[in-house]
Amino acid sequence: MVNLETPLSKFPTVKKAIFKKLHSLGLNKAQDLLYHFPFRYDDFSKTVAIREIMPEVPVTIHGRLQLLTNRRSFAARKMVTEGIIADEGGQIKAVWFNQPYLIKNLQVGDELYLAGKAELNKYGLQLVNPVYEKERKDGSTLNTGRLVPVYPTTSGLSQKQIRFLIKTSLDAATLLPEWLPAKIVKQFNFLPLAESLKEVHFPTGDKKFEQVKKRFQFEELFLIQLRNELWRQDLFKSGGAVNIKFQEEATRTFVEHLPFKLTTDQRSAAWEILQDLEKGRPMNRLLDGDVGSGKTVVAAMAILNTVVGGCQATLMAPTEILATQHYETFIRFFEGFPVRVGLLTSHLCKFAGGDSKKELLDKSKLGEIDLLVGTHALVQDKIKFKKLGLAIVDEQHRFGVEQRHKLQKKGRGTKVPHFLSMTATPIPRSYALSLYGDLDLSLIKHKPVGRKAIITKLVEEVDRGKAYDFIRRQIKTGRQVFVICPLIEEEEKSDKKSVMTEYKMRVGEKEDVIGKFLTREFDILVSTSVVEVGVDIPNASVMMIEGAEKFGLAQLHQFRGRVGRSEHQSYCLLFSKAVNQKTKQRLQYFVENSDGFALAEKDLEMRGPGEVFGTTQHGFPELKMADLSNLEMVKQSREVAKMILEEDPALAQNPLLKEKIKDWEKTVHLE
Ligand code: ADP
Ligand code: MG
């Protein structure tokens, strides 16, 4: 009998290789599987007659296998298994790629269910890679003939395997304690947890399924809100913020000495921030502006005021390259100003007059460094400040909430430092509120004038050669080129987690390569989405994107922002094999629009918030169920969270809830 703690390695079907894959998805024991939610459901609920099959519509059919053969397709370099299945009124061909073992599992004459989509080609309709299932004795099915859950997975671990494991684990669901306070369960009429879990994994009917979905959506939003509230409580009990007076004189001199004129948006953002610094409560502001909109100089003004006002500042960036770039930029900005800048990453340590890590740490502790720039290395316990007044996080979506909090907590002992995060991901106001509660927003909507627009083109496949010629010419004139390819093509691998694992593994190597590109050791940098981070390579003038349809508009816009950062005319070339009209329209919209906020809105409209904001790569917790655009539910969850904490601030009477938040925090953050 399975219990919550049963290790998955004890499951009879889980061999070592499979266990490794499960582990890589964060699945180690039965309990983990219960909350491994489907990211999609395919509606195979109606069995249709074979002659009624339409192209591209998911169906389940029931029939008898008439023929089954393996052949090698040299053109496609694949093993192809072909079968013919028939019911009373018709027959259809089914093809499977690279699954030659099917021949062993199935026999001519078997009664089967097949679920999948049919494609129309020159030989007629055929089912491609359908899920198959032999009829069971009791006539029930697990994988076909129903709303079929599709789970996040990784290559080599099939949906079938996962479904089977979850089915087995569900026996333990009744052992899972209800962690939602009884009051809430009652108020919202939620079904018991075990029953809800069963329904999520194996939906039985529309009404119940919808009701259960609500419960899990609520859970997620509620946890987000609780976490925000807890953090706020924590900050506020520590006695207000450092008070930083507006330094008019220094600010004016700084602005006068800039090599450019500040834009109106930069001015108002800076002004909003400087006003916040004077208030007795800690600032919590997000500075949101397109790539290249000039956020750094705004941050510099906040830093200057902080330092001249007698406090220290720190800025954390997601990569070593970016931190180094910031370090150099700030040294330039603060020439002639009393701001002593230091750089600290896991490998690097720099400051005027030295490179000893120990010395830098001492200086920071004694207040002899005014601005410490670095990577996540900054959050280590041994890094201390004398009087931290302002903590800044650049590309904030690249950090876990935990790390951001740790940085801000560096001010402990004195007062709470102000907090500024920066992002180039355009976040509509309502979403920011859902996620971050009482966050304030400053937007930089317009870029500095005089930038050349980036010429964007959707290149037809027939013109690929011309595009290459063009790239060659650009390189000849001394420019550099980015090429972006989508990471993984196959459906099975398209899961976010596996992308993330891969991403983590190669981070060091990657920085090294980008560094070499920066010093022009290469002309072309081919990569997956990693260049998204705000690295400045002004010499690059072409951004070529393969499989453009695989990316969201906001993401494409991030890529495009990697070029056009100098006086050279820059280009963004999109390649796409998509034939779908809607997809083409989406890309065309991108070609014609260069406003990041407009693109984000369009993205939302066309793909929905789940796809646009549902991934960790955009800095949002990985929401399995919740829909951030459901503002009503967001509001409700916030009210409930506040109510619970008002009655029970330390969650002493809700130990299960407290435990749940801890577990949940571990699963939703990157780091
Ligand atoms: P991002 O918002 O992407 O972080 P940066 O702060 O790196 O952008 O700024 C991009 C470039 O624009 C930098 O080289 C910066 O010096 C320059 N810049 C910033 N503000 C202005 C301005 N008002 N006019 C002209 N150039 C500017
Ligand atoms: Mg930046």
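Source: prediction; values computed, not measured. Remember, it's 1-based here, ligands and their atoms both numbered in the order they're listed. We use all heavy atoms of the structure for the numbers below, so side chains are in, but hydrogens, waters and symmetry mates are not.
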> Considering residues at least two apart in sequence or located in another chain, which fulfil the salt bridge (charged side-chain N to carboxylate O under 4.0 Å, His left out) criterion with E278?
Replying inline: none
>> Under the rule for salt bridge (charged side-chain N to carboxylate O under 4.0 Å, His left out), what residues qualify as partners of R252, not counting sequence neighbours?
In response: E248
>> Are S566 and N539 packed together at the side-chain level, in the sense that at least one heavy-atom pair is separated by less than 4.5 angstrom?
In response: no
>> To the nearest 0.5 Å, what is the distance between CG on D370 and NZ on K363?
In response: 10.5 Å
Just the distances, no angles: every ligand 1 N or O to protein N or O pair closer than 3.5 Å, one line each.
unit_1: ligand 1; atom_1: 2 (O); unit_2: G294; atom_2: N; d: 3.1
unit_1: ligand 1; atom_1: 2 (O); unit_2: K295; atom_2: N; d: 2.9
unit_1: ligand 1; atom_1: 2 (O); unit_2: K295; atom_2: NZ; d: 2.8
unit_1: ligand 1; atom_1: 3 (O); unit_2: G292; atom_2: N; d: 2.6
unit_1: ligand 1; atom_1: 6 (O); unit_2: K295; atom_2: N; d: 3.3
unit_1: ligand 1; atom_1: 6 (O); unit_2: T296; atom_2: N; d: 3.0
unit_1: ligand 1; atom_1: 6 (O); unit_2: T296; atom_2: OG1; d: 2.6
unit_1: ligand 1; atom_1: 8 (O); unit_2: G294; atom_2: N; d: 3.3
unit_1: ligand 1; atom_1: 12 (O); unit_2: R451; atom_2: NH2; d: 2.6
unit_1: ligand 1; atom_1: 20 (N); unit_2: Q266; atom_2: NE2; d: 2.9
unit_1: ligand 1; atom_1: 23 (N); unit_2: K261; atom_2: O; d: 2.8
unit_1: ligand 1; atom_1: 23 (N); unit_2: Q266; atom_2: OE1; d: 2.9

>> Give me each pair satisfying ring pair (Phe, Tyr, Trp, His ring centres under 6.0 Å) with a member in residues 350-391, each pair once, sequence neighbours excluded.
In response: none
>> Is any side-chain heavy atom of Y571 closer than 4.5 Å to one of T456?
In response: no
